[in-house]
Amino acid sequence: MLNYQRYKRVPVVHLPERTWPDKEIEKAPIWCSVDLRDGNQALVEPMVVEEKIEMFNLLVKLGFKEIEVGFPSSSQIEYDFLRELVDRKLIPDDVTVQVLVQCREHLIDRTFESLKGLNRAIVHIYNSTSTLQRDVVFGMDKEQIKQIAIDGAKMVKERAKDFPGEIILEYSPESFTGTELDYALEVCTAVQEVWGPTKEHPMIFNLPSTVEMTTPNVYADQIEWMNTHFKDRDSIILSVHPHNDRGTGVAATELALLAGADRVEGTLFGNGERTGNVDVLNIAYNMFSQGINPNLDIENIREIIEVYERCTKMEIDPRHPYAGKLVFTAFSGSHQDAINKGVRALKTRKSPYWEVPYLPVDPSDLGRDYEPIVRINSQSGKGGVAFVMDTLYGFKMPKGMHREFADVVQSVAEAHGEVAPEQIMELFKKEYLSAKEPFNFIRCEITDVGDSDVDTLAKLTYKCRGTILSARGVGNGPIDAVRAAVEETAGVHVKVLDYSEHALGEGSHAQAAAYIKIMDVDSGKVTYGVGVSPNITRASHRALFSGLNRLFK
């Protein structure tokens, strides 16, 4: 039995006056990518300088205006990377780079060396404030821990005086979620008093969920408490930096935005220590799906994935929201049927809003294709097969035919697993379009006879079980006349129960598809036939022969 008693609950926040549950996200936050620092340090094989430059260029292209480029005082490669960005003039004027540094004098000096040539930068200082780290890591009391933060702010302020550009201070009480709220506020206020931010020149307080310790609502309460207790709130940009240890990083971030956060630090696809940082793209696409401009250029998720996987040498999980290979697929028959009907309704209703069951966004808005939306396996149903044939190949099968063809596909899926769309089309051709036995249509001449407009003569040439036959038949139309001609010479008795047709494509060169529901009168067996031809009459004749071959094969 799991020894759950080894673990104690993290205290919740007593905040009966909380307001965040009644709010809605109405706009995108300030986004700050930490892919090149927090994300990079969590890679098995960290990026080299050129890979970091490629990733930086992608982040700029996506529209990030704040990018944490690294920890330049920690290693030569981190330092060299920032110098490459500066010396090669790769940082656009509207992008602010951010650098992380501990509250140590020699590291801060090294950091300011790396910033030479920049007009503006965010210097991000931090120290851990949690009860556990104060006790077991640093062996310091509250005053000593606070003094580290104060000293760090003083050192940055002193060097910022001689810096020719603008320095924005960011302070993080690391392990904020494990810190007493009143103490976290005390430390932040001490830093604030040293730096002296104003409304015109604010500073950033970043409140990280360095380790996700409890449910997202508690993090939201912590953020709201801090948000309402900061002094001179208009001089502060309130930032969050959630991790994903409990798998609720996205939820915690969204609730934190409701609670007053202005800014979010995270990574593409949630890369980061342990279970990762919060996934910025996930949140941005969530906003997009609610009609909110995410203020990121994320229309082409395929390109984002390609660069990310090449630079990080990590693969996107197939079930990753929005980006995974399987997230716009449906194996369940009922899901496939609903998607099929939803797409049809969208076309006929001409609504300005995307509303399709099981698809919260239009995959094409993300640079994804419709082709992989429905995938067919042994669990799939008739709706999915019909959707593939309609969406990918243009065959709008009669509803009664859905089950008949789905059974054909399912038998293959049960034997071999998933059936790809092109395999489904091959099965369709084999079952309905390519069969030549026992009947093979060759040609037919149709003329009107008698005084009635519906009397039609068919002069038919066809092959029956290897023998070429010529036959004449009269009926109340071309299909009935051909049916009569076959009955006269082949010794079969069939009845046409239903007929439909449509164009395959548009324009004068489009082919026609014809569908016939046919019954063997002697046995009562019923099936469908399909014919395709540029000539609609010939398509209907081929459909009749297709049905005959399925009845008597």
Side-chain angles (χ1 to χ4, degrees), residues 326-351 353-365 368-413 418-435 497-507 509-518 527-534 536 539-540 542-543 546-547 550:
L326 298 179
V327 298
F328 294 120
T329 66
F331 290 98
S332 161
S334 61
H335 287 206
Q336 294 166 354
D337 184 56
I339 291 172
N340 187 7
K341 292 174 179 174
V343 171
R344 286 179 180 270
L346 198 68
K347 293 177 180 178
T348 57
R349 294 177 182 177
K350 298 181 179 179
S351 170
Y353 298 106
W354 173 265
E355 290 181 305
V356 173
Y358 303 112
L359 292 179
V361 297
D362 182 347
S364 66
D365 285 337
R368 300 285 296 268
D369 296 327
Y370 278 110
E371 183 173 350
I373 287 177
V374 172
R375 295 171 65 164
I376 307 301
N377 62 16
S378 61
Q379 304 302 306
S380 303
K382 59 184 181 180
V385 174
F387 183 82
V388 168
M389 292 305 300
D390 182 1
T391 305
L392 301 185
Y393 301 108
F395 286 92
K396 305 180 188 302
M397 298 186 298
K399 190 169 184 179
M401 186 180 168
H402 291 187
R403 170 53 59 194
E404 177 179 285
F405 184 48
D407 288 344
V408 173
V409 176
Q410 186 169 13
S411 65
V412 175
E418 182 185 337
V419 184
E422 55 270 20
Q423 291 175 285
I424 294 173
M425 186 61 209
E426 286 303 314
L427 287 171
F428 187 80
K429 291 178 180 178
K430 179 181 178 181
E431 290 290 323
Y432 296 100
L433 303 180
S434 303
L497 302 178
D498 194 20
Y499 173 80
S500 62
E501 63 189 43
H502 65 79
L504 280 173
E506 300 178 354
H509 298 291
Q511 296 209 98
Y515 308 86
I516 284 181
K517 185 178 182 181
I518 187 173
T527 192
Y528 280 86
V530 183
V532 174
S533 173
I536 187 59
S540 66
R542 289 177 175 172
S546 170
R550 288 184 56 78

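When all heavy atoms of Phe405 and Ile424 are compared, the pair lying nearest together is CZ-O, 3.4 Å. Residues Val532 and Arg542 share a closest heavy-atom pair of O-NH1, 2.9 Å. Closest approach of Leu359 and Trp354 over heavy atoms only: O-NE1, 2.8 Å. When all heavy atoms are compared, the tightest approach of Pro534 to Gln511 is CD-OE1, 3.3 Å. Of all non-hydrogen atoms in Tyr515 and Met401, the two that sit nearest each other are CD2-SD, 3.9 Å. Between Ala510 and Leu504, the shortest heavy-atom distance links the atoms CB-O, 3.6 Å.
Between the side chain of Ser546 and the backbone N or O of Val530, at least one donor-acceptor pair lies under 3.5 Å. Remark: side-chain polar atoms of His502 are paired, donor with acceptor, to backbone N or O of Lys396 under 3.5 angstrom. Without hydrogens or angle criteria, His402 side chain to Val385 main chain gives no donor-acceptor distance under 3.5 Å.
Shown here are the side-chain contact (heavy atoms from CB on, under 4.5 Å) partners of Ala503, two or more places apart in sequence or in another chain: there are none. Considering only residues two or more places apart in sequence or on other chains, Lys430 meets the side-chain hydrogen bond (donor to acceptor under 3.5 Å, both in side chains) condition with none of them. Residues passing the side-chain contact (heavy atoms from CB on, under 4.5 Å) test with Asp498, sequence neighbours excluded: Lys517.
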For this session: Go through the steps to decide whether Val327 and Arg368 satisfy the test side-chain contact (heavy atoms from CB on, under 4.5 Å), and finish with yes or no.
Result: CA-CA 11 Å; Val327 298; Arg368 300 285 296 268; 4.0 Å; yes

Exercise. Could you go step by step and tell me if Thr348 and Lys350 meet the side-chain contact (heavy atoms from CB on, under 4.5 Å) rule?
Worked result: CA-CA 6 Å; Thr348 57; Lys350 298 181 179 179; over 6 Å; no

For this session: Could you walk me through whether Met425 and Leu392 pass side-chain contact (heavy atoms from CB on, under 4.5 Å), step by step?
Result: CA-CA 9 Å; Met425 186 61 209; Leu392 301 185; over 6 Å; no

Exercise. Stepwise, does the side-chain contact (heavy atoms from CB on, under 4.5 Å) test hold for Val412 with Gln423?
Worked result: CA-CA 10 Å; Val412 175; Gln423 291 175 285; 5.6 Å; no

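The pair Glu404-Arg550 counts as a salt bridge, with a side-chain nitrogen and a carboxylate oxygen less than 4.0 angstrom apart.
Put simply, NE2 on His335 and OG1 on Thr329 are 11.0 Å apart, with the number rounded to the nearest 0.5 Å. Distance CZ/Phe328 to CG/Asp362: 8.5 Å, rounded to 0.5 Å.
In this structure, Tyr528 has its ring center at least 6.0 angstrom away from the ring center of Tyr432.
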